[in-house]
Amino acid sequence: MPNLMVETTLIHFYANNKDIWSARTVFDEMAERSSVTWNAMIKGYCSQRKKAKKCCREALMLFTDMLSDVSGVKPTDTTMVSVLSACSQLGELYSGACIHGLIEKTIFSPENDVFIGTGLVDMYAKCGCIDSAFYAFRLMREKNVLTWTAMATGLAVHGKGKEALELLDTMESSGVKPNPVTFTSLFAACCHAGLVEEGLHLFHNMRSRFGVTPQIQHYGCIVDLLGRAGHLNEAYDFIIEMPMKPDAISWRSLLSASNVHGDVAMAEKVGKILLRLEPTIRHVDMADTSEDYVALSNVYASAGRWQQVEMVRKKMKLNRVRNKPGGSSIRTISNHLDHDEL
DNA sequence: TGAAGGCTTC
């Protein structure tokens with residue numbers, strides 16, 4: 001006879017191992033479910049990398065099922081944190097705001113719960129409401145490094161680089177130490193606001209002042225920072241001089257910057273390096289590698305070099321790389337639980 | 001009140 005705890009653990013196990021469909025089968029066949037069971041399933045959906053949007057929609061649908069479940073099971077703080085994350089990933093402001101309302105009505109105040117508070121900051125910021133994110137942030141009594149980082153990320157995507165750097169000072173004086181993720185967000189903030197000097201200064205001081213050793217993602221951010229600002233040769237040299245093997249992300253951002261700044265020679269050089277990288281370094285998923293072929297093909301197309309465009313297309317076919325359709329993730333006005341896939 | 005939960009560059 002299966003038992004509730006064993007089956008719930010099994011849902012965790014399948015979801016953590018990327019087999020969300022087996023997790024759902026276990027969930028559907030259970031005779032009895034606790035809130036922990038529902039949370040395991042909802043969280044499982046929210047943390048899938050593949051088909052993330054579809055899974056986040058499933059999470060929100062399951063959440064409405066949970067609300068109307070006749071067994072009397074109630075959402076908990078864990079449930080709310082998970083569904084806020086689903087809204088963030090989907091850019092679903094309407095659903096996020098509804099869930100915020102539900103949190104205020106049913107559970108404790110978000111300002112006293114660092115998990116829920118951080119979830120709200122993240123949700124509002126990712127859904128385009130930086131003011132609401134900042135309001136939720138200010139109300140929180142306890143803020144940890146994840147809360148500060150979520151706020152910095154929000155400021156970064158809204159182009160508020162100076163404010164993000166000021167946030168680092170306030171964070172420091174509050175006694176919270178930044179972590180490697182915080183720096184990734186801060187560099188992104190500098191990048192989107194064109195704060196090249198400030199970003200480089202922070203990069204050179206992050207170890208001595210904050211005790212955080214730069215990792216490959218930080219080097220990637222600096223490449224992006226230099227590239228977007230048009231310092232393409234500097235960005236190239238920066239990649240070459242990295243103390244570790246450069247990853248595809250660094251090369252890809254330089255390729256994109258070369259395209260934006262119309263430097264066909266640099267774009268061609270970088271595009272070729274990118275395609276020479278082993279597929280495992282470029283991406284685990286073959287579908288994603290199409291972006292690199294398309295990018296290089298676009299370089300040639302913008303320069304009117306149609307023979308090379310054709311050559312890249314042929315190489316793509318030869319390597320059986322399929323083109324991937326694009327999509328948008330911001331949905332402010334929508335039926336918040338519709339079933340279509342983006 | 002856990003079998004658990006929040007932040008990351010192209």
Side-chain angles (χ1 to χ4, degrees), chain A residues 3-13 15-16 33-44 46-47 74-89 107-108 110 113-123 125-126 133 136-137 140 142-157 167 171 176 178-192 199 203 212 214-228 235 239 246-260 270 274 282-283 288 291-292 295:
Chain A
N3 116 352
L4 180 62
M5 199 188 284
V6 170
E7 287 178 309
T8 303
T9 307
L10 197 55
I11 292 174
H12 272 295
F13 170 78
N16 289 341
R33 303 178 188 107
S34 69
S35 60
V36 182
T37 315
W38 285 88
N39 291 347
M41 195 63 236
I42 291 172
K43 169 67 180 41
C46 296
S47 52
K74 290 276 177 288
T76 67
D77 45 0
T78 304
T79 326
M80 297 310 194
V81 169
S82 295
V83 289
L84 282 175
S85 157
C87 296
S88 292
Q89 294 183 56
I107 313 191
F108 2 33
D113 186 311
V114 71
F115 283 86
I116 288 187
T118 305
L120 278 177
V121 171
D122 177 62
M123 183 277 293
K126 298 244 176 78
F137 176 80
M140 289 172 69
E142 182 200 340
K143 301 179 185 79
N144 62 22
V145 62
L146 283 87
T147 320
W148 288 91
T149 305
M151 194 63 239
T153 308
L155 292 169
V157 298
L167 199 76
M171 178 181 179
V176 180
N179 68 14
V181 181
T182 318
F183 283 98
T184 309
S185 298
L186 291 172
F187 293 136
C190 292
C191 190
H192 293 301
F203 178 80
V212 180
Q215 297 168 2
I216 192 153
Q217 65 267 34
H218 302 118
Y219 282 87
C221 291
I222 299 300
V223 171
D224 202 26
L225 177 69
L226 291 168
R228 279 183 201 246
I239 296 183
D247 59 358
I249 294 175
S250 302
W251 287 119
R252 214 170 269 153
S253 74
L254 181 54
L255 174 60
S256 156
S258 309
N259 262 333
V260 168
V270 174
L274 194 50
R282 280 164 55 213
H283 249 294
D288 285 338
E291 288 169 24
D292 299 332

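Order of the sequence lines fixes the chain letters, A, B, ..., with proteins taken first and strands second; residue numbering starts at 1 for each chain. What you see below is based on every heavy atom in this structure, not just the backbone, and it leaves out hydrogens, waters and symmetry mates. Just so we're clear, the structure is a prediction, and the values are computed from it rather than from any experiment.
Remark: A/Asn39 pairs with A/Met66, A/Thr76, A/Thr78, A/Thr79 by the side chain to side chain contact (heavy atoms under 4.5 Å, CB included) rule, at least two apart or across chains. Every residue two or more places apart in sequence or in another chain that forms a side chain to side chain contact (heavy atoms under 4.5 Å, CB included) with A/Arg33 is listed here: A/Phe27, A/Met30, A/Thr37, A/Trp38. Among residues two or more places apart in sequence or in another chain, the side chain to side chain contact (heavy atoms under 4.5 Å, CB included) test is passed with A/Ser250 by A/Val223, A/Ile239, A/Met242, A/Asp247. For A/Tyr219, the ring-ring contact (aromatic ring centres under 6.0 Å, His included) partners at least two apart in sequence or on another chain are A/Phe203, A/Phe238. In this view, A/Val114 and A/Thr118, A/Met140, A/Glu142, A/Asn144, A/Thr147 satisfy the side chain to side chain contact (heavy atoms under 4.5 Å, CB included) rule, not counting sequence neighbours.
Heavy atoms of A/Val223 sit nowhere under 4.0 angstrom from any nucleic acid atom.
Residue A/Lys126 has a polar side-chain atom (N or O) positioned under 4.0 Å from OP1 or OP2 of B/dT8.
With B/dC7, B/dG6, B/dC10 as the choices, the nucleotide that has an atom nearest any side-chain atom of A/Asp224 turns out to be B/dC10. The side chain of A/Ile249 approaches B/dC10 more closely than any other nucleotide in the set B/dG5, B/dC7, B/dC10. Distance from the side chain of A/Thr8 is smallest for B/dA3 among the nucleotides B/dG6, B/dA3, B/dC10. When the nucleotides B/dC7, B/dC10, B/dG5 are ranked by their closest atom to the side chain of A/Val81, B/dG5 comes out on top. Side chain of A/Ser34, nearest nucleotide from B/dG6, B/dA3, B/dT9: B/dA3. Out of B/dG6, B/dT9, B/dT8, the shortest distance to the side chain of A/Ala188 is found at B/dT9. Distances were taken from every side-chain heavy atom of A/Ser256 (C-beta onward) to each of B/dC7, B/dC10, B/dG5; the shortest belongs to B/dC10. With B/dA3, B/dG6, B/dT9 as the choices, the nucleotide that has an atom nearest any side-chain atom of A/Thr9 turns out to be B/dA3. Counting only heavy atoms from C-beta on, A/Thr184 has its side chain closest to B/dT8 among B/dT8, B/dC10, B/dG5.
In terms of polar N and O atoms assigned as donor or acceptor, the side chain of A/Asn39 never comes within less than 3.5 Å of the base of B/dG5 in a complementary pairing. With hydrogens and angles left out, the side chain of A/Thr149 and the base of B/dC7 share a donor-acceptor pair within 3.5 Å. Side chain A/Asp77 to base B/dG5: a donor-acceptor pair is found below 3.5 Å.
Secondary-structure stems of DNA chain B, taken as three or more successive Watson-Crick or G-U wobble pairs (i with j, i+1 with j-1) under a 3.5 Å distance threshold, are lacking entirely.
Of all non-hydrogen atoms in A/Cys46 and A/Ala86, the two that sit nearest each other are SG-CB, 3.8 Å.
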